[in-house]
Asker: 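A single structure is presented below for examination.
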Amino acid sequence: MQPVHSISLDALQEGRPRSGEQARAWCARLEAGAVLYFPETPLPIPAQDQDFLLGSSQTESTLHKNIAYKPAQDKLSGMDAQADDTTTERLATFMRWYSSSVTSFLSGFLAPYRQGWLLDYASFRPIEEDGRDLPKHRRNDLLHTDAFPTRPTRGRRILRFFHNIHPTRTRDWMVGEPFTQILGQFTPGKLAMPVSNGTLTRAAKSLASATGLAKIAPRWKRTPYDQFMHELHNAMKEDEQFQRDCVRHSFQFAPGSSWMVYTDTVPHAVLAGQFALEQTFLVDPAATVNPSTAPVAVLEKLAGARLV
Ligand code: SIN
Ligand code: FE
């Protein structure tokens, strides 16, 4: 299967008359490991907002860091301390709009998910990706599958919608082999198989929460599934041989394009690019078209045990 599947806006229009069937087909493609790519975004950003985000309408832009927007609290995090209230308020207003536009678009495009997704964070990524100096586990130029260290998904899938808002430059990605192939390269040799909940006894769990340990060490709140996915993320980034030799495809996402992908299973890396928007959804495997492709299902089958 081609890792990146392009969809033109014309094809999107043509899909409308049989939208239920078409939406299931798009979901099935994503679940099988495709990146769905709109060379021309279906969600154009208004010109004044684009200027604001690129900082060109500001003499002293303070938007230097990746900034998260938490829709449930309607809050931004990661803003510079120096950012003035007007900039902060304007960015929050934009992100609120962006988050709800993506949600309403995907409610139709990926209609089956609507009943079973949680709207997670959105982000604005103004930093140049080429040459970022980050600790290994946080580097995004190394192929990896996503797992949030402090926010366990408990078996929900991580679906991300991206948008390259740079006016002239591409956002350059690599995409790796399907999840089951990657798993075979890491486990059981390099990484122990996940073990079921039974390993952390009820007594150990209540001790952890009674002593407040659960708060200090969020790791305790992770299910065996989350623990394994986090270890896999780290193992991929740490493995120099894997990074050097693994099969990968390069892809350049055009200025003004959008794409979406299950980043929990599709190994990916960003090598260069600046100014992107992103919205994350946590999808319940029960709402997916092929629940057996969810990483939790694949791992539970391998482990022969419940992992969430
Ligand atoms: C990532 O999820 O690894 C980052 C992708 C990007 O910012 O383009
Ligand atoms: Fe990632």
Side-chain angles (χ1 to χ4, degrees), residues 1-12 15 25-45 54 66 102 105-106 109-110 122-132 134 138-147 157-183 185 232-233 236-237 239-240 242-281 283 293 295:
M1 191 182 75
Q2 282 293 322
V4 178
H5 180 83
S6 293
I7 306 168
S8 68
L9 294 187
D10 286 347
L12 191 61
W26 296 136
C27 293
R29 266 191 190 269
L30 279 173
E31 292 162 26
V35 178
L36 297 187
Y37 173 47
F38 291 102
E40 193 184 336
T41 184
L43 298 172
I45 307 293
L54 302 178
N66 282 350
V102 175
F105 171 65
L106 293 186
F109 184 72
L110 304 176
S123 60
F124 172 47
R125 302 166 178 232
I127 305 175
E128 170 58 57
E129 296 293 339
D130 185 12
R132 279 182 77 176
L134 288 169
R138 293 186 50 211
R139 279 175 60 179
N140 281 341
D141 59 328
L142 298 170
L143 271 172
H144 65 281
T145 47
D146 284 348
R157 306 207 54 184
I158 302 175
L159 176 67
R160 297 187 125 165
F161 183 92
F162 291 91
H163 198 141
N164 178 11
I165 61 166
H166 196 288
T168 54
R169 286 181 54 207
T170 56
R171 195 167 185 88
D172 302 348
W173 269 37
M174 290 188 310
V175 176
E177 288 186 287
F179 185 66
T180 44
Q181 242 116 309
I182 297 292
L183 259 190
Q185 293 174 43
L232 178 64
H233 162 274
M236 288 171 83
K237 287 186 176 175
D239 192 328
E240 284 168 22
F242 171 76
Q243 293 294 333
R244 196 180 54 233
D245 302 335
C246 73
V247 177
R248 88 280 308 270
H249 305 267
S250 297
F251 208 83
Q252 300 182 321
F253 296 107
S257 68
S258 291
W259 61 103
M260 69 202 89
V261 57
Y262 273 116
T263 56
D264 54 0
T265 42
V266 177
H268 59 283
V270 57
L271 303 182
Q274 194 184 5
F275 297 118
L277 293 165
E278 171 269 339
Q279 171 68 61
T280 301
F281 297 85
V283 183
T293 61

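Both backbone and side-chain heavy atoms feed into the values below; hydrogens, waters and symmetry mates do not.
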Asker: If you compare all heavy atoms of Leu143 against all heavy atoms of Ala269, which two are closest, and at what distance to 0.1 Å?
Answerer: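 The pair with the smallest heavy-atom distance is N-CB, 3.8 Å.
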
Asker: What is the distance from atom CZ of Arg171 to atom CZ of Arg125, rounded to the nearest 0.5 Å?
Answerer: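 Answer rounded to 0.5 Å: 6.5 Å.
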
Asker: Quick check for you: to the nearest 0.5 Å, what is the distance between Asn66 atom CG and Asn140 atom CG?
Answerer: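 One gets 8.5 Å once the value is rounded to the nearest 0.5 Å.
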
Asker: Measure from the side-chain N and O atoms of His144 to the backbone N and O of His268, and report whether any donor-acceptor pair falls under 3.5 Å.
Answerer: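 Yes, because the side chain of His144 sits within donor-acceptor range (under 3.5 Å) of the backbone of His268.
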
Asker: Please test His166 against Thr168 for side-chain contact (heavy atoms from CB on, under 4.5 Å), starting from the C-alpha separation and ending with a verdict.
Answerer: CA-CA 6 Å; His166 196 288; Thr168 54; 3.2 Å; yes

Asker: So which atom in Lys237 and which in Arg138 form the shortest heavy-atom distance, rounded to 0.1 Å?
Answerer: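 Taking Lys237 first and Arg138 second, the nearest heavy atoms are NZ-C, 3.9 Å.
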
Asker: Which is it for Ser8 and Asp10 under the side-chain hydrogen bond (donor to acceptor under 3.5 Å, both in side chains) test, yes or no, and what are the steps along the way?
Answerer: CA-CA 5 Å; Ser8 68; Asp10 286 347; 5.1 Å; no

Asker: Test side-chain contact (heavy atoms from CB on, under 4.5 Å) on Phe253 and Thr170 and set out the steps.
Answerer: CA-CA 5 Å; Phe253 296 107; Thr170 56; 5.9 Å; no

Asker: To check you understand the geometry: which heavy-atom pair defines the closest contact between Pro267 and Glu177, and what is its length?
Answerer: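 Minimum heavy-atom separation between Pro267 and Glu177: CD-O, 3.1 Å.
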
Asker: To the closest 0.5 Å, what do you measure between CH2 (Trp259) and CZ (Phe161)?
Answerer: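 Between Trp259 CH2 and Phe161 CZ, I get 9.5 Å after rounding to 0.5 Å.
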
Asker: Indicate yes or no: at least one non-hydrogen side-chain atom of Phe109 is less than 4.5 angstrom from one of Ile7.
Answerer: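 A side-chain contact under 4.5 Å exists here.
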
Asker: Please tabulate, for side-chain N and O atoms in residues 32-45, each donor-acceptor pair with protein atoms closer than 3.5 Å (sequence neighbours left out).
Answerer:
unit_1 : atom_1 : unit_2 : atom_2 : d
Tyr37  : OH     : Ala254 : N      : 3.1
Thr41  : OG1    : Leu43  : N      : 3.0
Thr41  : OG1    : Ser258 : OG     : 2.6

Asker: Between Thr280 and Glu278, does the side-chain hydrogen bond (donor to acceptor under 3.5 Å, both in side chains) criterion hold? Intermediate values first, please.
Answerer: CA-CA 7 Å; Thr280 301; Glu278 171 269 339; 2.2 Å; yes

Asker: Got a salt bridge between Arg169 and Glu129, using NZ or NE/NH1/NH2 to carboxylate O under 4.0 Å?
Answerer: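 Not counted as a salt bridge, because no side-chain N and carboxylate O are separated by less than 4.0 Å.
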
Asker: Hey, what do you get for CD1 (Ile158) to CZ (Phe281), rounding to the nearest 0.5 Å?
Answerer: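 Spacing of CD1 (Ile158) from CZ (Phe281) equals 13.5 Å.
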
Asker: Just by modelled atom types, is the Gln243 backbone N or O under 3.5 Å from a matching donor or acceptor in the Arg248 side chain?
Answerer: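 Answer holds: yes.
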
Asker: Evaluate the criterion side-chain contact (heavy atoms from CB on, under 4.5 Å) for residue pair Leu159 and Leu110; output intermediate values, then yes/no.
Answerer: CA-CA 11 Å; Leu159 176 67; Leu110 304 176; 3.8 Å; yes

Asker: Working to the nearest 0.5 angstrom, can you tell me the gap between Ile182 CD1 and Met236 CE?
Answerer: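 So the gap between those two atoms works out to 4.5 Å.
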
Asker: Report yes if the distance between the aromatic ring centroids of Trp173 and Phe251 is under 6.0 Å, otherwise no.
Answerer: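 No.
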
Asker: For the residue pair Thr145 and Asp264, establish whether any side-chain heavy-atom pair is separated by less than 4.5 Å.
Answerer: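 Thr145 does not reach Asp264 side chain to side chain.
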
Asker: Distance check, rounded to the nearest 0.5 Å: Trp26 atom CH2 versus Leu106 atom CG?
Answerer: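 So the gap between those two atoms works out to 13.0 Å.
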
Asker: Test side-chain contact (heavy atoms from CB on, under 4.5 Å) on Glu128 and Arg132; report intermediate values, then the result.
Answerer: CA-CA 7 Å; Glu128 170 58 57; Arg132 279 182 77 176; 5.9 Å; no

